[in-house]
Amino acid sequence: MIKSICCIGAGYVGGPTMAVIAQKCPHIKVTVVDLNEKRIAAWNDADTNNIPVYEPGLDVIVAEARGRNLFFSTEVDKAIEEADMIFISVNTPTKTYGVGKGMAADLKYIELCARQIARVAKTDKIVVEKSTLPVRTASAIKDILDHTGNGVQFQILSNPEFLAEGTAVSDLLSPDRVLIGGDTTPEGQKAIQALVDIYANWVSKDRILTTNVWSSELSKLTANAFLAQRVSSINAMSELCEKTGADVNEVARAIGMDSRIGPKFLKSSVGFGGSCFQKDILNLVYIAKTYGLNEVADYWEQVIIMNDHQKRRFAKNIISTLYNTVSGKKIAFLGWAFKKDTNDTRESAAIYVADDLLSEQAIISVYDPKVKEEQILLDLNYLETRSESDNKNGITVGDNPYGACKDAHAIAVLTEWDEFKNYDWKKIYDNMLKPAFVFDGRNLLDRKELEKIGFVYQSIGS
Ligand code: UDX
Ligand code: ADP
């Protein structure tokens, strides 16, 4: 039976996942480690409002389990040594250099973890891949562990994370399914069972699927590719709706009632973001190409091409609607996170829309309930489109929406935060330049209400 778990990586996946395991398994000691001292300090902050990942409900779980059987630490070696089971939840960004640049996953952090585990471990361990990884990564990890280890036994499991940010806690508490892939050998099956037993503390057994390692790894990429494909499909229709006079919300509702299609993930938007969709599809494309499956690769790549187009056309529409120039005009962004109820901004559509508008010399003012100025500047600087000082001059970040929208020519809604619906839109209108435009990239606001106030309102797909 597992008594001690170590999780390497205290990010959006490792933090919430381990908090829930610790809450549901008080008999297991769970230690989450990270090299990033600032991040660990934030996880240990006495005020759980300051933990580094914003997820509804997470603060309460951390408050309950932290110090009891949930610990956050920078002492990676010690936690590895103590643990029977080690989760790897480090980041696997798309490579920015060399072979597979812009496509393949960068596995250097995973490899470093594997080498560290091999060096430190003095007793048998079960190593669980939690990060999304290309198919067959498990065998690479196993190779490193077996060749550089201290002669102890390692079992590698794949246990992909399916939580969505913003709903991580409820996704973890009642998952659609838990997937565990492992070796078909008796030792492999024993390791799988050890992990099944952990989840069985709160997940019913019929929702815990066990497969071989490669099916598990590939299922994660496939699930994200299918979900992203639905968003790109409805976004493709949104452009056609705009030309034909159809309304994409009505189309989505009509097709979603077909039980074979289903209603979820049909919300047209300014484009999907997040750390997973693009990365995982690029990864899939890269793997397909590696095997010479060019048609398969092209098919999935189109999901990304459509998404890039959707972001770009949103920015273009703002420019053309504002009389073909945004130079020197203030445009207020409501939202910067890639979706509501998270402070994560990775691959957020807002970054790309802002980048396009800044290139047209717009002045952007941002308000997001959970994202800080420092992060917004980091996101823009990462693109390397212009100098850091030009980004800083082009963008201001406000601490309230009314200030952000004051004297603006237009408002662009980039994230679907609920609070945006409840603002005093009359007050916002009164303080804007006229005509006052709203570009709703999330089809969030009430067209009738805004038009009654006097706004020129444009949404996606109608
Ligand atoms: C995704 C998967 O859902 C999750 O299972 C996996 O573990 C990680 O990747 P996440 O990226 O956190 O989760 O959020 P998700 O809810 O999938 O949204 C991704 C993006 O798609 C967001 O930018 C969201 O706004 C957008 N989206 C989603 C739409 O534009 N329309 C939709 O109908 C649904
Ligand atoms: P995810 O969304 O996959 O959780 P994050 O970037 O939020 O990704 O979190 C990954 C975390 O993993 C980061 O906090 C990073 O510092 C940490 N990390 C990366 N490599 C290592 C390592 N070798 N040892 C410990 N922590 C690591």
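First listed ligand is number 1; within each ligand, the first listed atom is number 1. Sequence positions, counted from 1, serve as the residue numbers for this chain.
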Does at least one non-hydrogen atom of S131 fall below 4.0 angstrom from an atom of ligand 2?
no
Could you establish whether E161 and ligand 2 come within less than 4.0 Å of each other, counting only heavy atoms on the residue side?
no
Ligand 2 N/O within reach of [X] N/O, cut-off under 3.5 Å:
X: S275; value: no
X: Y12; value: yes
X: L112; value: no

Please could you name the atoms of ligand 2 that G11 approaches to less than 4.0 Å, counting only its heavy atoms?
4 (O), 5 (P), 7 (O), 9 (O)
Per-atom contacts, ligand 2 versus I8 - under 4.0 Å to a heavy atom:
24 (N), 25 (C), 26 (N)
In terms of heavy-atom contacts, does CH2 of W202 have more than 12 from other residues, nucleotides or ligands at under 6.0 Å?
yes
Tell me if the CZ atom of R119 is crowded by more than 12 foreign heavy atoms within 6.0 Å.
yes
So which heavy atom in the protein is nearest [atom], and how far is it from that ligand atom?
atom: atom 2 (O) of ligand 2; value: R346 NH2, 2.8 Å
atom: atom 12 (O) of ligand 2; value: G9 CA, 3.4 Å
atom: atom 15 (C) of ligand 2; value: D34 OD1, 3.4 Å
atom: atom 4 (O) of ligand 2; value: V13 N, 2.9 Å
atom: atom 26 (N) of ligand 2; value: L35 N, 3.4 Å
atom: atom 19 (C) of ligand 2; value: N91 OD1, 3.4 Å
atom: atom 18 (N) of ligand 2; value: V90 CG1, 3.7 Å

Contact residues of ligand 1, where a non-hydrogen atom lies under 4.0 Å away:
E161, F162, L163, A164, E165, K220, N224, L227, V231, F265, L266, K267, S269, F272, G273, C276, F277, F338, K339, R442
What are the two closest heavy atoms between [X] and [Y], and how far apart are they?
X: A404; Y: A332; result: O-CB, 3.4 Å
X: Y367; Y: G398; result: CD1-O, 3.5 Å
X: M18; Y: L70; result: O-CD1, 4.0 Å
X: G273; Y: F338; result: C-CD1, 3.4 Å

Do we see a donor-acceptor contact under 3.5 Å between the side chains of E161 and T17?
yes
Which is it for S89 and ligand 2 at heavy atoms under 4.0 Å: side chain, backbone, both or neither?
backbone
Just checking, R177 and F162: is the charged tip under 6.0 Å from the six-membered ring centre and within 45° of the axis?
yes
Between [X] (side chain) and [Y] (backbone), is there a donor-acceptor pair under 3.5 Å?
X: R66; Y: A19; result: no
X: K29; Y: F71; result: no
X: S359; Y: D355; result: yes

Please compare C276, C113, P52 and report which has the shortest non-hydrogen distance to atom 23 (N) of ligand 2.
C113
Without placing hydrogens or testing angles, list every side-chain donor-acceptor pair under 3.5 Å for residues 296-307, not counting sequence neighbours.
unit_1 : atom_1 : unit_2 : atom_2 : d
Y299   : OH     : Q229   : NE2    : 2.7
N307   : OD1    : F272   : N      : 2.8
N307   : ND2    : F272   : O      : 2.9

Once you measure the plane-to-plane angle for F437 and F439, does it fall in the parallel (<30°), tilted (30-60°) or perpendicular (>60°) bin?
parallel
Between L383 and the options L358, N391, I351, the side chain to side chain contact (heavy atoms under 4.5 Å, CB included) test singles out I351
